[in-house]
Amino acid sequence: MTTTERRAHDLSFLSSLIGAYDGSQVEDAMYAFWEDGGWFRPSEAVDEEAKPFTVIMPPPNVTGALHLGHAVTLTIEDALIRWHRMLGDPTLWLPGLDHAGIATQSVVEAQLAREGMSRHDLGREAFEERVWDWVGRTRPRITSQARRMGASCDWERTVFTLDETPRQAVRKTFVALFNDERIYRGARIINWDPQMLTALSDVEVEYREDEGKLWHVRYPFVDARGNELDDGVVIATTRPETIPADVAIAVHPEDERWQPHLGREVRLPLRGFSRLIPLVADEAVDREFGTGALKITPGHDQLDFEIGERHGLEPIRVVDWDGAMTSEAGLYAGLDRDEARVTVAEHLEEDGYLVRTEAHIHNVGHSQRSGVVVEPLVSNQWFVDTDALAAEAARVVRDGEVRIVPERSTSVYLQWMDNIRPWCISRQLWWGHRIPAWYCRDCDSGALIESEDGEFTVDEGSHPIVEMQDPTVCPRCGGRDLVQDPDMLDTWFSSGLWTHSTLGWPDETDDLKRFYPSSVMETGYDILFFWVARMMMLGCYNMGSAPFETVYLHGLVRDALGRKMSKSLDNVIDPLEKADQFGMDALRFTLATGSTPGHDMRLTDERLEGSRNFANKLWNGARFVLGEVAQAEGAITDASAATALEDRWIQSRLAAVTESVDELLRQFQLGEAARQIQDFLWNELFDWYVEASKVRLRQGDLAPLGVLARVLDAGLRLLHPWMPFITEAIWQQLKPYLPDEGGCAALIGARYPQPGDGTRDTAAESDFQAVRDVVTSIRQLRADYRVQAGQWSEVYVQPQPETTQPISASTALIEVLARSRPLHVIGAGDAAPSDQVATAVLPSAEIIVPLGGLVDVEQERGRLTKDLEQVGKRLRGAEAKLSNPGFRAKAPTAVVEQAEALAAELQRQRTELEARIASLG
RNA sequence: GGGCGGUUAGCUCAGUUGGCUAGAGCGCUGCGUUGACAUCGCAGAGGUCACUGGUUCAAGUCCAGUAUCGCCCACCA
């Protein structure tokens with residue numbers, strides 16, 4: 001049967017599935033069932049006043065494929081969304097796609113390169129068409145992959161960052177910031193990627209430690225006639241190739257070594273240069289480093305640029321856009337910057353200016369995208385003055401208007417915001433949002449530098465025209481020969497508008513009014529600065545309020561060895577491959593329970609297997625329940641009518657878990673919540689209640705059926721946000737047996753269990769615990785003495801007064817679960833066999849198992865002595881605590897009473913154990 | 001140079017207002033084909049909670065410091 005055939009939503013095939021759970025047989029059908037049912041749309045009928053729960057999905061790259069980062073985001077967001085949908089909140093999860101400027105362009109350029117072409121061979125328009133073509137072909141992949149994950153987002157609202165509305169949003173934001181004088185064009189030192197041939201922002205530069213060299217170079221003083229003297233200033237540099245761009249030597253103003261020489265000049269010690277540069281004083285120089293003298297190269301260093309500005313020194317550019325040396329580099333012109341470094345160093349050495357060379361490990365900036373070493377260059381670019389934007393973005397976090405989970409990330413965020421620098425937003429790319437600025441060929445003729453292929457760059461002194469409508473006339477001269485700025489905007493500029501451009505802004509749409517700000521922004525901590533920070537700044541700026549209430553940052557998924565996944569290590573795990581192997585629910589469960597917020601996790605097959613096994617356990621446990629209720633043909637009584645101890649116990653446990661899960665989810669502790677649900681279903685429902693229920697069911701007592709149905713129903717509801725496919729598949733089978741058919745057509749829309757339904761019964765919990773202890777103890781004794789599993793044992797149980805009733809009432813249960821028949825529940829004074837018996841002393845009872853010849857007196861003595869030691873140790877601890885005068889005086893009464901009761905109980909056990917040991921002779 | 005995180009069973013990790021014997025999964029040992037499940041069941045072994053000091057009646061949990069691993073930020077050439 002194919003997916004399309006199942007779209008009629010005949011889910012009857014589910015009942016034919018047997019044995020081991022196989023997610024691939026149900027996942028597609030379940031997704032189609034939900035989507036066709038319209039479950040992913042926010043329900044329009046609900047109370048318009050109700051506060052909606054909104055998540056705007058981080059848009060994956062249109063040309064990308066689903067990786068584990070997406071998988072984590074989708075898992076967490078889907079769980080949150082499904083939970084809120086089941087709470088009955090109006091729920092919107094809005095998906096989208098990002099054009100990913102540099103990333104996408106570089107992929108297409110790589111394709112062109114394989115065809116022996118560059119984008120310049122195609123020209124701007126044809127290149128853009130080519131990218132659109134590629135985007136059109138790859139776009140469906142990522143969305144279909146998100147569907148496979150089970151993402152219950154509203155696909156009808158999908159937004160692409162290059163759609164008309166986001167374009168308008170970009171335009172409006174740019175114009176507003178420009179008019180506010182928060183966007184400007186100017187020559188500044190920027191990070192240049194010589195491979196991608198574009199400017200980068202500071203955050204797009206990754207600093208890595210490289211092994212380099214530190215060249216100590218002497219810049220000679222000259223006499224009045226310009227003749228070199230023997231002494232000079234020795235500086236240390238890692239970049240001798242930039243010596244031709246040196247404009248000064250700087251020392252610290254209070255450094256007495258250099259004070260006598262301030263104002264003197266030194267000569268560039270390089271072949272073909274006779275330039276003299278001054279010795280200046282600047283506080284930015286570190287006296288401790290090297291000789292305390294620093295060569296100043298404002299054209300190729302951020303710090304030097306700032307020092308140069310303070311001293312009125314003009315930058316010189318010796319490294320060109322492509323990384324080769326410019327004509328300013330004299331005889332080194334044309335060499336690659338790396339070659340020039342080697343050559344310059346050789347010449348310095350030959351000419352006697354190289355004092356020494358040492359190995360030096362230092363941080364070198366690499367382009368995040370291309371990986372090449374970034375070249376700091378002075379260039380005319382567009383910038384956002386972020387000071388005021390960042391101040392507001394920091395304030396809303398400081399004032400608690402936005403909460404960051406985990407909380408410690410708050411300080412990272414604030415630290416960054418408080419030290420922000422202007423944001424370079426122009427990129428020399430052809431793919432993305434074009435900068436909405438125009439120039440007049442008449443007014444700006446001096447600033448527009450045209451190249452042969454019709455492209456041009458904009459130099460200083462231009463007069464950009466920035467308006468909401470494309471201008472046709474120059475406001476200065478009335479000229480009509482206008483050209484648009486050639487550059488594109490940083491992708492993160494449009495991504496920064498994502499929180500409101502997806503909802504229709506700049507139009508005042510209903511969606512915008514209803515869903516802004518969103519409830520949770522969930523993403524990896526690695527894009528806190530790239531994305532979250534920008535959304536905060538631009539959201540506050542455009543909307544006047546923070547764009548979301550909570551930022552939830554998840555950690556990175558690492559491989560089994562804890563390494564970051566990378567193509568070069570060849571350790572990349574494909575989430576879909578793992579889903580094929582273990583089932584999508586298992587993958588989701590593993591990712592959700594793998595770590596706590598903000599912490600990295602390791603993904604291993606062992607953990608995936610564990611989750612798969614859980615899915616299988618659930619499937620088979622449910623098959624048992626379904627089989628029993630089907631057999632009863634509707635003779636299911638209400639769960640509240642079942643009043644046996646185990647009935648009350650499991651329902652109380654359900655209430656307890658429900659309460660805990662609710663609390664955890666409200667604190668964004670998704671992983672812990674899922675773990676507790678798993679624990680409840682496996683270790684309590686399936687291991688104990690189901691086994692207990694069989695005892696009565698086999699006797700024809702159908703009372704447990706109502707409880708099984710109710711608890712399974714609630715368990716499926718609780719688990720659904722994490723394991724949507726299997727829970728829905730089972731629930732569809734269970735639904736006909738539920739009162740009122742469960743109140744809904746599908747689990748995805750059913751009500752989430754809520755705390756406080758009155759079924760909590762702590763007495764039942766402790767009573768059943770006593771029964772469990774008896775069962776476990778008998779099993780333990782039997783195992784210790786190697787009683788054959790199939791053989792029944794006669795057992796005497798002598799309960800404590802307070803547990804007599806529950807244990808007596810549960811004899812049939814204990815018999816079956818512990819293979820104990822006949823089972824004698826005897827009173828405190830009643831005689832029990834004392835010869836050839838194995839015994840155990842429990843808080844709730846004593847267990848006596850006559851085992852005939854199996855019992856070894858020495859073994860029994862050893863066992864009981866070990867127990868006695870344990871009890872004695874604990875008793876000493878309890879007594880020490882109680883004899884501490886401060887404890888009784890200061891600890892809460894309840895804690896003191898508890899300790900007293902424990903001490904009394906341990907004393908009783910000790911006495912009993914001593915008697916047992918004595919009776920062994 | 002700053003900031004943050006990890007250090008808990010052989011392995012991977014939970015443990016969020018300090019309070020009974022610190023938990024789970026995997027792995028390990030023994031037993032087991034009882035009609036939901038061997039992707040399972042039952043029982044068991046296994047931990048000085050990195051270290052030192054402090055606060056407290058009470059510390060894995062709070063404070064200070066140390067060690068070690070890792071991450072982020074920063075203009076030491």
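Every chain is numbered from 1 and lettered A, B, ... according to where its sequence line falls, protein lines coming before strand lines.
For the OP1/OP2 pair of rG44(B) and a distance below 4.0 Å, the side-chain nitrogens and oxygens of Gln780(A) include at least one atom meeting the criterion. Between His360(A) and rA77(B) there is a side-chain N or O to OP1 or OP2 distance below 4.0 Å. For the pair Ser595(A) and rC13(B), the criterion of a side-chain N or O lying under 4.0 Å from OP1 or OP2 is not met.
Considering only the side chain of Arg779(A), rC42(B) comes nearest among rG6(B), rC73(B), rC42(B). Among the nucleotides rG5(B), rC75(B), rA77(B), the one closest to the side chain of Arg421(A) is rC75(B). Each of rA77(B), rG5(B), rC73(B) was ranked by its minimum atom distance to the side chain of Arg408(A); first place goes to rG5(B). Taking the side chain of Phe529(A) as heavy atoms from C-beta on, and the options rG30(B), rC75(B), rC73(B), the nearest nucleotide is rC73(B). If you check rC72(B), rA14(B), rA77(B) against the side chain of Thr596(A), the one that comes closest is rA14(B). Listed nucleotides: rA43(B), rA77(B), rA74(B). Nearest to the side chain of Thr776(A): rA43(B).
Donor-acceptor pairing under 3.5 Å is recorded for the side chains of His300(A) and Glu375(A). No hydrogens or angles considered: a donor-acceptor pair under 3.5 Å links the side chains of Glu204(A) and Ser201(A). Side-chain contact annotation: Asn613(A) with Tyr21(A), donor-acceptor N/O pair under 3.5 Å absent.
Residue-level contact check: Gln302(A) touches neither bases nor backbone, having no heavy atom under 4.0 Å from any strand. Ser409(A) comes within 4.0 angstrom of no nucleic acid atom, judged by non-hydrogen atoms across all strands. Counting non-hydrogen atoms under 4.0 angstrom, Thr604(A) reaches nothing in the nucleic acid.
Atom CD of Glu407(A) is separated from atom P of rC4(B) by 13 Å (rounded to the nearest Å). Going from atom NE2 of His300(A) over to atom P of rC75(B) covers 19 Å, rounded to whole Å. The interatomic distance linking Asp600(A) (CG) with rG5(B) (C1') rounds to 10 Å, in whole Å. Atom pair Gln415(A):CD and rC4(B):P shows a separation of 10 Å (rounding to whole Å applied). The distance between atom OH of Tyr207(A) and atom P of rC71(B), rounded to the nearest whole Å, is 18 Å. Taking atom CG of Asp526(A) as the reference point, atom P of rC73(B) lies 11 Å away to the nearest angstrom. In this structure, Arg602(A) places its CZ atom 12 Å from P of rG70(B), rounding to the nearest Å. Across the protein-nucleic acid pair, Asn363(A) atom CG and rC72(B) atom C1' stand 12 Å apart, rounded to whole Å.
Between the side chain of Arg588(A) and the main chain of Trp722(A), a donor-acceptor pair closer than 3.5 Å is present. A donor-acceptor contact shorter than 3.5 Å links the side chain of Thr604(A) to the backbone of Arg607(A). Using a distance-only test at 3.5 Å, with no hydrogens or angles considered, a donor-acceptor pair links the side chain of Arg786(A) to the main chain of Ala783(A).
The aromatic rings of Trp682(A) and Phe614(A) lie parallel to each other, with less than 30° between the two planes, well short of the 60° mark. Ring planes of His360(A) and Phe289(A): perpendicular class, angle over 60° (limits at 30 and 60°).
One P atom belongs to rA58(B), the other to rC20(B), and the distance between them is 15 Å to the nearest Å. Distance check on atom C1': rA9(B) versus rA50(B) gives 15 Å, rounded to whole Å. rG15(B) and rA67(B) have their C1' atoms separated by 24 Å, given to the nearest Å. Separating the C1' atom of rG1(B) from that of rC75(B) is a span of 12 Å, rounded to the nearest Å. Separating the P atom of rG3(B) from that of rG25(B) is a span of 41 Å, rounded to the nearest Å. Rounded to whole Å, the separation between the P atoms of rU52(B) and rG44(B) comes to 33 Å. Comparing the P positions of rU56(B) and rC13(B) gives a spacing of 36 Å, expressed to the nearest Å. Separation of the C1' atoms belonging to rU12(B) and rG53(B) is 32 Å when rounded to the nearest angstrom.
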Using a 4.0 Å cut-off on protein heavy atoms (strictly under), produce a 5'-to-3' string for nucleotides 34-40 of chain B with B for base contact, S for backbone-only sugar-phosphate contact, and - for none. B-BB-BS

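Pairs of residues two or more places apart, or lying in two chains, that qualify as salt bridge (charged side-chain N to carboxylate O under 4.0 Å, His left out) and include a residue from residues 608-632 of chain A are Glu628(A)-Arg698(A).
The residue among Val787(A) and His362(A) whose nearest nucleotide of RNA chain B lies closer to the 5′ end is Val787(A).
Base pairing annotation: rG18(B) forms no Watson-Crick or G-U wobble pair, as no partner gives both donor-acceptor distances under 3.5 Å. Using the Watson-Crick or G-U wobble rule with both distances under 3.5 Å, rU52(B) pairs with rA64(B). The partner of rA74(B) is absent, by the rule that a Watson-Crick or G-U pair needs both atom distances under 3.5 Å. With a cut-off of 3.5 Å on both Watson-Crick or G-U wobble distances, the partner of rA9(B) is given as none. Base pairing annotation: rU39(B) forms no Watson-Crick or G-U wobble pair, as no partner gives both donor-acceptor distances under 3.5 Å. Pair assignment for rG44(B): rC28(B), on the basis of Watson-Crick or G-U wobble contacts that are both within less than 3.5 Å.
Under the 4.0 Å criterion applied to side-chain N and carboxylate O atoms, Glu691(A) and Arg696(A) are not assigned as salt-bridge partners. Salt-bridge annotation for Arg287(A) and Asp255(A): absent, with no side-chain N of the basic residue lying under 4.0 Å from a carboxylate O of the acidic one. A salt bridge does not link Glu663(A) with Arg666(A): every distance from a Lys NZ or Arg NE/NH1/NH2 to an Asp or Glu carboxylate oxygen is 4.0 Å or more.
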Taking only N/O atoms, report every protein-nucleotides 19-25 of chain B pair under 3.5 Å with atom names and distance.
from    : atom 1 : to        : atom 2 : distance (Å)
rU21(B) : N3     : Arg874(A) : NH1    : 3.0
rU21(B) : O4     : Arg874(A) : NH1    : 2.8

Using the rule given for salt bridge (Lys or Arg N to Asp or Glu O under 4.0 Å), can you reason through Arg876(A) versus Glu879(A), listing the C-alpha separation, both sets of side-chain angles and the distance that settles it, and then say yes or no? CA-CA 5 Å; Arg876(A) 283 192 296 280; Glu879(A) 282 171 343; over 6 Å; no

